[in-house]
Amino acid sequence: MADPQEVLSQRVRSALGAALGADYAGTDPVIRPSQFADYQANAALALAKKLGRKPRDVASDIVARLEVDDVCREVEISGPGFVNMTLRDDWIAGQAQDLLADPRLGVPEQPKQNIPVDYSAPNVAKEMHVGHLRTTVVGDALVRTLEFLGHNVIRQNHIGDWGTPFGMLIEHLLEVGEHSADADLLKTDPNAFYQAAKEKFDTSEDFAVRARRRVVALQGGDAETLRLWQGLIDLSKVYFNKVYTTLGVTLTDADLAGESTYNDALAGVCAELERAGIAEQSEGALCVFLEGFTGREGNPVPLIVRKSDGGYTYATTDLATVRYRVEELKADRIVYVVGAPQAMHFQMMWETARKAGWLPESVETVHVQIGNVLGTDGKILRTRSGKPIRLMALLDEAVERATRVVAENRPDLDEQTRAAIARDVGIGAVKYADLSVSHDTEYVFDFDRMLALNGNTGPYLQYAAARIRSIFRKGGLAPEDAVGPIALAEPAERELALALLGFGPVVRLVGDTLEPHRLCGYLFDLAQAFTSFYERCPVLKAEDSTVRGSRLALTAATLRTLVQGLALLGVHAPERM
RNA sequence: GCACCUGUAGCUCAGUGGAUAGAGCACCGGACUUCUAAUCCGACGGUCGCAGGUUCGAAUCCUGCCAGGUGCGCCA
């Protein structure tokens with residue numbers, strides 16, 4: 001099983017060593033996809049300068065020593081010194097054949113790392129918004145991908161389950177009754193509960209006093225207060241899980257590691273920072289000042305770990321968290337899938353942790369910055385009346401729209417089947433839209449675009465998979481039974497086979513760069529290569545049984561790759577649509 | 001004021017220092033007696049924000065500027 005780019009890299013590297021001496025055997029041969037061949041090696045151009053020779057001469061020396069007869073049909077020097085390489089059809093076919101037999105479809109199994117991934121992180125008693133949706137969806141795709149690459153991924157749902165608002169929330173819960181309909185709002189419409197509590201807090205001085213007293217009791221560990229607090233969380237969990245189930249996200253209660261988890265460690269964090277001279281008192285608060293972080297008027301900006309009232313901040317919690325992930329979870333790499341505005345906070349927090357010795361250089365931390373989600377007007381997504389959009393309402397609308405489309409196009413299917421398809425398509429469309437653009441840029445949320453059957457959308461990929469399944473259904477065959485042999489004659493067959501070889505490399509790339517949109521781009525290209533093939537190359541009706549067998553094998557490999565690829569993104573491909 | 005992010009076709013977005021910068025949508029023109037036309041094929045469409053620099057070669061790296069977004073002392 002081989003990544004053509006990797007194979008060619010090795011061959012060209014050997015040629016470099018043979019032609020220019022062992023010192024050059026380690027040079028990057030700079031293999032890139034080419035518009036004039038399958039791949040091109042660009043190393044000669046860079047080396048020419050160093051060697052004081054003409055690039056074309058260097059290229060021809062490389063080509064003279066290049067042993068690729070088994071892999072390439074044609075090697076050609078062109079332009080200023082590019083080495084264009086065209087793969088042999090039988091080599092591509094052979095690799096595709098290997099792919100068919102490989103349960104991992106060419107995806108490498110990497111040395112196992114412990115990777116805590118922090119994502120989703122909704123707040124108790126608050127509606128999840130589209131921002132949470134995106135970190136949840138992107139995080140889940142990364143988690144699935146990293147696991148498939150062989151890593152020990154530890155999901156960490158750092159929910160907001162602590163802080164001053166809980167005083168008012170607990171008091172409100174007490175007033176409405178723990179088992180009241182009002183309390184049940186937490187399961188379905190948490191903002192309604194939150195707003196009601198806030199309303200009382202803002203309008204009733206008496207309530208506000210009790211709320212503040214309740215915060216003190218909560219932080220002091222009062223048993224009854226803790227019980228009520230736990231009740232709030234349990235109710236909120238119902239809501240979270242409903243969202244996760246609807247979305248098809250892998251998070252469970254076992255992955256909850258909310259802010260409150262680290263309460264016991266906060267005092268120690270502060271004490272150690274102070275003892276080590278990393279933190280200092282400033283205006284009554286305990287602060288860490290770091291070089292290079294200045295705010296307005298050039299003042300140094302602090303990372304506050306203990307407020308002047310003695311309370312701790314999320315910086316303190318995050319420090320305790322990173323220490324826990326290193327010491328207890330034995331993290332090799334820590335991934336934070338969190339909104340882009342937190343970038344500076346993470347930089348300061350990590351630098352502090354490194355200074356304190358809690359975050360060794362050997363442990364890499366990555367902030368997968370999630371950009372804002374905008375409406376079609378280019379502003380932060382809100383309803384027409386200006387309120388934030390309820391996440392469940394958003395998902396319902398996606399499914400509703402998909403339902404209408406399915407009803408229109410597939411009146412032949414029964415209602416239950418159509419409803420299942422509509423769920424897969426509606427939810428898949430939303431998730432895919434979140435994933436298909438680079439995670440750190442803002443993106444425009446547009447139902448019409450994401451549900452379109454054309455373009456780089458979830459439904460387009462699902463449709464490609466559904467058509468393939470339809471072929472096998474029609475032929476009374478199982479994809480597993482399509483074993484080839486694969487032989488390539490038509491250009492569309494060749495293109496499809498070559499595209500299939502790209503799956504392993506792109507999955508590895510996503511694991512390295514934590515950029516799921518690259519997998520989306522790959523799958524879209526693959527689906528396009530398939531539909532092209534589908535138009536030009538009859539499978540079941542192929543005139544020749546050998547051709548038919550080969551095409552069936554290509555089709556089966558495409559199906560598995562699409563389904564696996566979509567699965568890594570957390571998108572389900574329905575049997576038919 | 002400082003820091004970070006963004007600026008690529010009318011719109012939404014890709015783009016590993018490599019040749020003539022790519023998709024999709026929209027618009028225009030074609031293809032259904034054929035495995036799902038919810039599709040496919042073709043045409044049109046560009047001062048890669050601007051100006052310098054590095055390089056054999058820059059959308060990509062560096063500097064400055066312009067525009068938009070975000071963050072910047074006791075919320076998380």
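Here is how names work: the chains are called A, B, and so on, in the same order as the sequence lines, proteins then strands, and each is numbered from 1. Scope of the values below: all heavy atoms of this structure, side chains included, with no hydrogens, waters or symmetry mates.
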Which donor-acceptor pairs under 3.5 Å do side chains of residues 526-533 of chain A form with protein atoms, sequence neighbours excluded?
unit_1: A:Thr531; atom_1: OG1; unit_2: A:Tyr460; atom_2: OH; d: 3.1
unit_1: A:Thr531; atom_1: OG1; unit_2: A:Ala527; atom_2: O; d: 2.9
unit_1: A:Thr531; atom_1: OG1; unit_2: A:Gln528; atom_2: O; d: 3.0
unit_1: A:Ser532; atom_1: OG; unit_2: A:Arg536; atom_2: NH1; d: 3.0

Near RNA chain B, counting only heavy atoms under 4.0 Å, which residues of residues 341-350 of chain A show up?
A:Pro341, A:Gln342, A:Met344
Going by purine N1 to pyrimidine N3 plus the second Watson-Crick contact, or the G-U wobble pair, all under 3.5 Å, which nucleotide sits opposite B:C65?
B:G49
Considering only heavy atoms, which members of residues 308-315 of chain A lie under 4.0 Å from some atom of RNA chain B?
A:Ser308, A:Tyr312, A:Thr313, A:Tyr314
Check whether the ring centres of A:Phe447 and A:Phe445 lie less than 6.0 Å apart, and answer yes or no.
yes
Check whether any side-chain heavy atom of A:Cys287 sits under 4.5 Å from a side-chain heavy atom of A:Val305, and report yes or no.
no
Face-to-face stacking of A:Phe82 with B:A19, centres under 5.5 angstrom, angle under 30°
yes
Within the structure provided, determine whether A:Val539 and A:Thr555 are in side-chain contact (heavy-atom separation under 4.5 Å).
yes
Is there a donor on the side chain of A:Arg296 or the base of B:C72 sitting less than 3.5 Å from an acceptor on the other?
yes
How far apart are the C-alpha atoms of A:Gln40 and A:Ser78, what are their side-chain angles, what is the distance that settles it, and do they pass the side chain to side chain contact (heavy atoms under 4.5 Å, CB included) test?
CA-CA 10 Å; A:Gln40 60 186 51; A:Ser78 95; over 6 Å; no
Name the nucleic acid region contacted by A:Asp161, choosing base, sugar-phosphate or nothing; use a 4.0 angstrom heavy-atom cut-off, strictly under.
nothing
For nucleotides 6-11 of chain B, give me one character per nucleotide, 5' to 3': B if any protein heavy atom sits under 4.0 Å from the base, S if the only such contacts are to the sugar-phosphate, - if neither.
S-----
Between the main-chain N or O of A:Leu374 and the side-chain N or O of A:Asn372, is there a donor-acceptor pair closer than 3.5 Å?
no
Answer for the Watson-Crick or wobble partner of B:A59, both distances under 3.5 Å, is none
Can you find an N or O donor on one side and an acceptor on the other, under 3.5 Å apart, linking the side chain of A:Ser436 with the base of B:A14?
no
Nearest to the side chain of A:Lys307, heavy atoms from C-beta on, is which of B:C74, B:A38, B:U39?
B:C74
Taking the same atom, P, in B:C27 and in B:C61, what whole-Å distance lies between them?
36 Å
For B:A59 and B:U47, measure between their P atoms and round to the nearest Å.
14 Å
Taking atom P in both B:G49 and B:A14, what distance in whole Å separates the two?
14 Å
Are any of the side-chain nitrogens in A:Asp57 or A:Lys54 under 4.0 Å away from the carboxylate oxygens of its partner?
no
Considering only atom C1', compute the distance from B:A58 to B:C50 and round it to an integer number of Å.
16 Å
Exercise: do A:Asp434 and A:His439 side chains pair donor with acceptor under 3.5 Å
no
On the nucleotide B:C56, are OP1 or OP2 found under 4.0 Å from the side-chain N or O atoms that A:Lys49 carries?
yes
Could you tell me whether the side chain of A:Arg53 reaches within less than 4.5 Å of the side chain of A:Asp61, counting heavy atoms only?
yes
List in numerical order all residues of residues 519-531 of chain A for which some heavy atom is under 4.0 Å away from an atom belonging to RNA chain B.
A:Phe524, A:Gln528, A:Thr531
Euclidean distance for C1', B:G57 against B:G42 (whole angstrom)
33 Å
Charged N to carboxylate O under 4.0 angstrom, A:Lys198 versus A:Asp202?
yes
Scan A:Arg536 against the nucleic acid and name what it touches under 4.0 Å (heavy atoms): base, sugar-phosphate only, or nothing.
sugar-phosphate
Below 4.0 angstrom, N of the basic side chain to O of the carboxylate: do A:Asp512 and A:Arg518 qualify?
no
Any idea which of B:G73, B:A19, B:C40 is nearest the A:Glu535 side chain?
B:C40
Are A:Asn42 and A:Phe82 close enough, and set up right, to give a side chain to side chain contact (heavy atoms under 4.5 Å, CB included), and what steps lead you there?
CA-CA 5 Å; A:Asn42 302 334; A:Phe82 300 107; 3.1 Å; yes
From the list B:U20, B:C74, B:C72, which nucleotide is the closest neighbour of the side chain of A:Phe36?
B:U20
Looking just at side-chain N and O atoms, do A:Gln281 and A:Glu274 make a donor-acceptor pair shorter than 3.5 Å?
yes
Is there a side-chain contact between A:Trp162 and A:Asn263 (heavy atoms, below 4.5 Å)?
yes
Within less than 4.0 Å of OP1 or OP2 of B:U16, is there a side-chain N or O belonging to A:Arg518?
yes
Please report the distance separating the P of B:C35 from the corresponding atom of B:A19, rounded so that it comes out in whole Å.
42 Å
Among the candidates B:C41, B:U16, B:A14, find the nucleotide nearest to the side-chain atoms of A:Val437.
B:A14
Taking only heavy atoms on the protein side, list every residue of residues 459-482 of chain A lying under 4.0 Å from any atom of RNA chain B, sorted numerically.
A:Tyr460, A:Tyr463, A:Ala466, A:Arg467, A:Ser470, A:Ile471, A:Lys474
Pairing partner (Watson-Crick or G-U wobble, both distances under 3.5 angstrom) of B:C13
B:G22
Return the nucleotide paired to B:U36: Watson-Crick means purine N1 to pyrimidine N3 with N6-O4 or O6-N4, wobble means G-U with N1-O2 and O6-N3, both under 3.5 Å.
none
Under a 3.5 Å cutoff, is there a donor and acceptor pairing between the side chains of A:Tyr239 and A:Glu127?
yes
Parallel, tilted or perpendicular: ring planes of A:Trp350 versus A:His367, cut at 30 and 60 degrees
perpendicular
On a whole-Å scale, what distance lies between the P atoms belonging to B:G10 and B:C44?
15 Å
No-H, no-angle donor-acceptor pair, A:Asn454 side chain to B:A37 base, under 3.5 Å
no
So with a 6.0 Å cut-off around CZ of A:Arg576, is the heavy-atom count from everything else above 12?
no
Could you tell me whether the side chain of A:Cys520 reaches within less than 4.5 Å of the side chain of A:Tyr522, counting heavy atoms only?
no
Reckon A:His517 has a side-chain N or O less than 4.0 Å from the OP1 or OP2 of B:G15?
yes
Paired with B:A3 by Watson-Crick or G-U wobble geometry, both distances under 3.5 Å: which nucleotide is it?
B:U70
Any side-chain N or O of A:Ser282 below 4.0 angstrom from OP1/OP2 of B:G73?
no
